[in-house]
**Q** 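Can you keep this structure in mind? I'll have questions shortly.
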Protein chains: 2
Amino acid sequence: MQFSSRLPIAVHILLAIVEFEGKNKTTSVFLAGSVNVNPVIIRNTLGQLKAAGLITVKAGEGGSALAKKPEDISLMDIFEAVEKEEELFHFHENPNPECPVGRNVHAVLDKRLLSIQEAMKQEMKSITLQSLIDDMNHMLDPNE
Amino acid sequence: MQFSSRLPIAVHILLAIVEFEGKNKTTSVFLAGSVNVNPVIIRNTLGQLKAAGLITVKAGEGGSALAKKPEDISLMDIFEAVEKEEELFHFHENPNPECPVGRNVHAVLDKRLLSIQEAMKQEMKSITLQSLIDDMNHMLDPNE
DNA sequence: TTTGTTGTAACATTTTATATTACAACCAGA
DNA sequence: TCTGGTTGTAATATAAAATGTTACAACAAA
């Protein structure tokens, strides 16, 4: 079981928007060339990031830009923008209500699964886009 | 995106093994009746839990039992027994190496994604089967 | 030896992710 | 105002993963 590549792709897109600001127009086709997926995937992702208020997209003209400062965008914001699920775990649908265990697993497990999800989200919140940009800049120019 | 129901099912199985100890023989068919999935799913899961050293299964005779004390089994142990993935996130396969971003996203993101995974696992480690049993017993008999 | 079981393979079905094609709506510049 | 490149989105296709099912050999106890 794995998460889809949506979060990695969205982060890639945001890093590219920052990196190419003022240098290249970041159209869906241009971004698709960097991420190496179909441009429609990019457009859909851009749409989700826009809906979440993280970027602006220029319809017709083309290109996108950050709508917030990178230090105000966390992995959590990005994750929630591109993954719609509320529940991290898929619970088996119909435990037997006639069984004392089947009747109660849900109540017993739910809060634990939520706390796991919460731990994950807390960690995501602590990672900002800015810190990723810093890391990338350091790789592009170690002396900076 | 969601995790499969494997962890919830495995926990259900373990709780049932504890609950019915000495009362019913916990065969795959019996357990399937409580979880409400196909017995083969149960057998496969039992096999994984056995391989991880969490339970014993009696071939031929039928039935299963815990191989460790419930306080020594964490959700993390169960999770690792039934989910084989090493990486939580699926990274997009071929970022463009000719692009400064494409060339570096992997290095930049990987450690962050790992820390998210790590946060999740830490939380899983802190939850023992015993605590779930306690919760369930309290639901079955609030005065206990 | 009979009965009920585990372990496992093979296959079917369902769901989700990802890719692709197509096209209307849009916008800037010629 | 026309043109060219673009976004937004629907529809469809393909691929991959999860889940369900059937079948049967190996096994163990009565």
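To find a chain, count down the sequence lines: A is the first, B the second, and so on, and within it residues start at 1.
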**Q** Is the phosphate of D:dA17 approached by B:Ser4 (side-chain N or O, under 4.0 Å from OP1 or OP2)?
**A**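 B:Ser4 to D:dA17 OP1/OP2: no side-chain N or O under 4.0 Å.
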**Q** Just wondering, are more than 12 heavy atoms of other shown residues or ligands nearer than 6.0 Å to CD in B:Glu21?
**A**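 Counting other residues, nucleotides and ligands, CD of B:Glu21 stays at 12 neighbours or fewer.
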**Q** Answer whether the closest heavy-atom distance between the side chains of A:Lys58 and A:Ser64 falls below 4.5 Å.
**A**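 No. Closest side-chain heavy atoms not under 4.5 Å.
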**Q** Quickly work out the A:Ile41 CD1 to D:dG8 C1' distance and round it to whole Å.
**A**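 The distance from CD1 of A:Ile41 to C1' of D:dG8 comes to 14 Å, rounded to the nearest Å.
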**Q** Would you please classify the geometry between the A:Phe3 ring and the B:Phe3 ring as parallel, tilted or perpendicular, with 30° and 60° separating the classes?
**A**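 Rings of B:Phe3 and A:Phe3: perpendicular, as their planes differ by over 60°.
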**Q** Which parts of nucleotides 23-30 of chain C does protein reach within less than 4.0 Å, heavy atoms only, written one letter per nucleotide 5' to 3' as B for base, S for sugar-phosphate only and - for none?
**A** ---BSS--
**Q** Under 4.0 Å between a side-chain N/O of B:Lys25 and OP1 or OP2 of C:dG4, yes or no?
**A**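 So the side-chain polar atoms of B:Lys25 never come under 4.0 Å of the phosphate oxygens OP1 or OP2 of C:dG4.
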**Q** For B:Phe89 and C:dT18, what is the distance between atoms CZ and P respectively, to the nearest whole Å?
**A**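 From B:Phe89 CZ to C:dT18 P: 12 Å.
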**Q** Can you tell me how far C1' of C:dC11 sits from CG of B:Asn44, to the nearest Å?
**A**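 After rounding, the gap between these two atoms is 14 Å.
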**Q** Does a side-chain heavy-atom distance below 4.5 Å link A:Ile42 with A:Phe30?
**A**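 Sidechains of A:Phe30 and A:Ile42: no contact.
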**Q** Nearest whole Å is fine: how far is C:dT18 C1' from B:His92 NE2?
**A**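 Rounding to the nearest Å, NE2 of B:His92 and C1' of C:dT18 are 14 Å apart.
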**Q** Would you indicate whether the side-chain heavy atoms of A:Ile127 and B:Ser115 approach each other to under 4.5 Å?
**A**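 B:Ser115 reaches A:Ile127 side chain to side chain.
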**Q** Any side-chain heavy atom of B:Leu114 sitting closer than 4.5 Å to one from B:Glu118?
**A**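 Heavy-atom side-chain distance check fails, nothing below 4.5 Å.
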**Q** Under 4.0 Å between a side-chain N or O of B:His90 and OP1 or OP2 of C:dT18?
**A**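 Answer yes for this pair, as a side-chain N or O of B:His90 is under 4.0 Å from OP1 or OP2.
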**Q** Does OP1 or OP2 of C:dT18 have a side-chain N or O of A:Ser5 closer than 4.0 Å?
**A**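 Answer yes for this pair, as a side-chain N or O of A:Ser5 is under 4.0 Å from OP1 or OP2.
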**Q** Across the strands shown, which category fits A:Val40 at heavy-atom distances under 4.0 angstrom: base, sugar-phosphate, nothing?
**A**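 Since a base atom lies under 4.0 Å of A:Val40, the category is base.
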**Q** Could you state the atom-to-atom distance from CG of B:Asn38 to C1' of C:dG7 in whole Å?
**A**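 Taking CG of B:Asn38 and C1' of C:dG7, I get 14 Å after rounding.
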**Q** Return the value, rounded to whole Å, for the distance between atom CG of B:Leu46 and atom C1' of C:dG7.
**A**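 So the CG-C1' distance, B:Leu46 to C:dG7, works out to 11 Å.
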**Q** Do the side-chain N and O atoms of B:Ser74 and B:Asp77 include a donor-acceptor pair separated by under 3.5 angstrom?
**A**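 Present: a donor and an acceptor within the cut-off.
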**Q** Hey, is the side chain of B:Lys50 poking within less than 4.0 Å of OP1 or OP2 on C:dG7, counting only N and O atoms?
**A**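 Yes.
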**Q** Using atom CD1 of A:Ile42 as one end and atom C1' of C:dT18 as the other, report the distance to the nearest whole Å.
**A**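 Going from CD1 in A:Ile42 over to C1' in C:dT18 covers 12 Å.
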**Q** Given atom CZ of B:Phe91 and atom P of C:dT18, what is their separation to the nearest angstrom?
**A**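 Taking atom P of C:dT18 as the reference, CZ of B:Phe91 is at 13 Å.
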